[in-house]
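Please read the structure below before turning to the comments.
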Amino acid sequence: MSYTSSTMPELPEVETIKHELSPQIVGRSFTSVIVFDCKIMSGISTAELRRQLIGQAVCGIARRGKYLLFNLSGGQSLVMHLRMTGTLLLNPEALDRHVRAVFGFSNGVQLAFQDQRRLGLIRLVEDAEAVTAKLGPEPLDQSFTPRLLAELLKKRHIPVKAALLDQSIIAGIGNMYADEALFAARIHPLRKADALSTREIATLCHAIRHILRTAIAAEGASVNTYVTPQGHLGSAQFHFKVAHKLGDPCPGCGRPIMRIPVRGRGSYFCPCCQPITS
DNA sequence: CTTGGGACCTGGCTGC
DNA sequence: TGCAGCCAGGTCCCAA
């Protein structure tokens, strides 16, 4: 079976990027800003971006959902979202034609924002909270308990898969990890969120956390475009049981993995291990 | 509140 | 071999 679509950065990939960038960039200040594709920047000219960034230090790099937040010494934040095909690369040897912007730092480090499909975003904001306020809770926080998940899902009469993908309900889960979590919890993606039992929600909660933690330990999933800023391939895709595995035997029962659209998104699951009724 | 659709975007794939 | 057209999906936006 071959992978038919690209992985996009979800929570584990963005967390890995944060982890690799922090020791290189935190405490350093911007010395240069080059923008090759101004579409990536939202609402600010290159000249203005340069004027505001150069000389500012990066106090810290944080992740919220799938957003990467560079907190700056002047109080602003440089917010990046990689969307589908965005990657951040440290000190690239050559600039691919998909590189949209390059930031230089006081220690000589160069950071390239590369994005084949040009859906990624970079924004300079006064307050990162303005961007992240709409996001639901972080699934890896201690506070993300079965009780909280039950609270989030109980009024949602939508497919549970759609609920997991809704960033205002839970932040950071994308298509691949939603499928993996639902398989691990043996829940059909079309089950209504408000119809899950307490036991199913508890299982799903633990599955989400386990899947994400395992993927972070594997430095994310490299199915197509994703690489870490140091250029490593992630290996989380080797742990996948259903995501992007149409027709492969289910690791649970051996029957073929199926794919159905849920809210227009390809959803991989095992009809035998994840029955619609239960 | 929900669903459904389109828009954005481009490379890879399919089918003729 | 060439080319048109479809598809992938994170997020936003609009209509019903």
Side-chain angles (χ1 to χ4, degrees), chain A residues 1-15 17 36-43 63-69 79-88 96-101 113-123 125 128 130-136 138-139 151-182 189-195 212 215 220-227 236-237 240 242-247 257-269:
Chain A
M1 141 94 211
S2 65
Y3 292 113
T4 56
S5 63
S6 57
T7 41
M8 68 302 311
E10 303 182 24
L11 185 156
E13 289 74 29
V14 181
E15 185 68 22
I17 291 167
F36 296 104
D37 179 2
C38 54
K39 182 193 172 297
I40 295 303
M41 300 299 314
S42 183
R63 179 195 58 74
R64 181 76 173 89
K66 301 170 192 169
Y67 288 91
L68 197 60
L69 311 167
V79 178
M80 299 190 187
H81 196 299
L82 301 170
R83 293 282 182 91
M84 304 295 296
T85 55
T87 52
L88 285 167
D96 181 277
R97 70 187 176 96
H98 302 295
V99 169
R100 309 301 174 185
F113 184 100
Q114 181 173 312
D115 187 13
Q116 202 174 71
R117 281 161 64 177
R118 305 175 72 207
L119 292 168
L121 299 168
I122 303 175
R123 290 176 63 188
V125 297
V131 176
T132 59
K134 63 186 187 300
L135 297 174
E138 287 290 326
E151 200 62 30
L152 293 166
L153 297 183
K154 74 177 184 188
K155 287 180 199 149
R156 302 295 183 139
H157 194 66
I158 56 175
V160 59
K161 170 75 183 281
L164 295 183
L165 293 181
D166 186 331
Q167 302 299 297
S168 71
I169 300 177
I170 306 168
I173 300 175
N175 206 37
M176 313 182 283
Y177 296 112
D179 284 351
E180 289 299 313
L182 289 171
L190 286 175
R191 295 275 308 285
K192 291 293 192 283
D194 63 359
L212 295 176
S222 291
V223 173
N224 193 345
T225 56
Y226 167 78
V227 293
Q237 69 277 13
F240 285 174
V242 293
H244 300 288
K245 292 190 174 290
L246 178 64
I257 299 302
M258 288 191 59
R259 182 179 179 278
I260 56 169
V262 178
R263 287 283 227 279
R265 296 291 168 252
S267 299
Y268 299 84
F269 73 110

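A note on names: the letters A, B, ... follow the listed sequences, proteins ahead of strands, and every chain is numbered from 1.
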Practice problem: Figure out the OH/P separation between Tyr268(A) and dA8(C), and round it to whole Å. | Solution: 7 Å
Practice problem: Tell me, please, which residues at least two apart from Lys161(A) pass salt bridge (charged side-chain N to carboxylate O under 4.0 Å, His left out). | Solution: Asp179(A)
Quiz item: Mapping Arg97(A) and Lys192(A) onto DNA chain B by nearest heavy atom, which one lands closer to the 5' end?
Solution: Lys192(A)
Practice problem: Rounded off to whole Å, could you give me the CG-to-P distance for the Asp115(A) and dG11(B) pair? | Solution: 11 Å
Self-check item: Contact under 4.0 Å: His81(A) side-chain N or O vs dT11(C) OP1/OP2
Solution: yes
What N/O pairs connect the protein and nucleotides 5-9 of chain B at under 3.5 Å? Give each pair on its own line.
{"from": "dC9(B)", "atom 1": "O4'", "to": "Arg117(A)", "atom 2": "O", "distance (Å)": "3.4"}
{"from": "dC9(B)", "atom 1": "O2", "to": "Arg117(A)", "atom 2": "NE", "distance (Å)": "3.1"}
{"from": "dC9(B)", "atom 1": "O2", "to": "Arg117(A)", "atom 2": "NH2", "distance (Å)": "3.4"}

Exercise. Rounded off to whole Å, could you give me the CD1-to-P distance for the Ile122(A) and dT11(C) pair?
Key: 16 Å
Quiz item: Could you state the CG-C1' distance from Leu135(A) to dT11(C), rounded to the nearest angstrom?
Solution: 11 Å
Quiz prompt | Integer-rounded Å distance: dC12(C) P and Lys134(A) NZ | solution = 5 Å
Self-check item: Val227(A): partners by side chain to side chain contact (heavy atoms under 4.5 Å, CB included), with sequence neighbours left out
Solution: Leu89(A), Leu233(A)
Quiz item: For Ile169(A) and dG10(C), what is the distance between atoms CD1 and P respectively, to the nearest whole Å?
Solution: 15 Å
Practice problem: Apply side chain to side chain contact (heavy atoms under 4.5 Å, CB included) to Arg265(A) and list each qualifying residue two or more places apart in sequence or on a separate chain. | Solution: Leu165(A), Asn175(A)
Quiz prompt | Of the listed nucleotides dG10(C), dG11(B), dC12(C), the one nearest the side chain of Tyr67(A) | solution = dC12(C)
Quiz item: What is the distance, rounded to the nearest whole Å, between atom CD of Glu10(A) and atom C1' of dT11(C)?
Solution: 13 Å
Quiz item: Mind checking whether His244(A) and Tyr268(A) have parallel, tilted or perpendicular rings, split at 30° and 60°?
Solution: tilted
Exercise. Could you check which residues of residues 157-167 of chain A get a heavy atom under 4.0 Å from DNA chain B? Sort them by number, please.
Key: His157(A), Ile158(A), Pro159(A)
Self-check item: Whether Gln167(A) side chain and Ile173(A) backbone form a donor-acceptor pair below 3.5 Å
Solution: yes
Quiz item: Taking only residues two or more places apart in sequence or in another chain, which ones pass ring pair (Phe, Tyr, Trp, His ring centres under 6.0 Å) with Tyr177(A)?
Solution: Phe240(A)
Practice problem: Name the nucleic acid region contacted by Gly266(A), choosing base, sugar-phosphate or nothing; use a 4.0 angstrom heavy-atom cut-off, strictly under. | Solution: sugar-phosphate
Quiz item: Within this structure, what is the CG-to-P distance between Leu246(A) and dT14(B), rounded to whole angstrom?
Solution: 13 Å
Self-check item: Set of salt bridge (charged side-chain N to carboxylate O under 4.0 Å, His left out) partners for Lys154(A), sequence neighbours left out
Solution: Glu151(A)
Quiz prompt | Residue list, side chain to side chain contact (heavy atoms under 4.5 Å, CB included) with Asp37(A), at least two apart or on another chain | solution = Lys39(A), Ile40(A), Arg100(A), Arg118(A)
Practice problem: List in chain and number order the residues that pass salt bridge (charged side-chain N to carboxylate O under 4.0 Å, His left out) with Arg64(A), two or more places apart in sequence or in another chain; answer none if no residue qualifies. | Solution: Glu138(A)
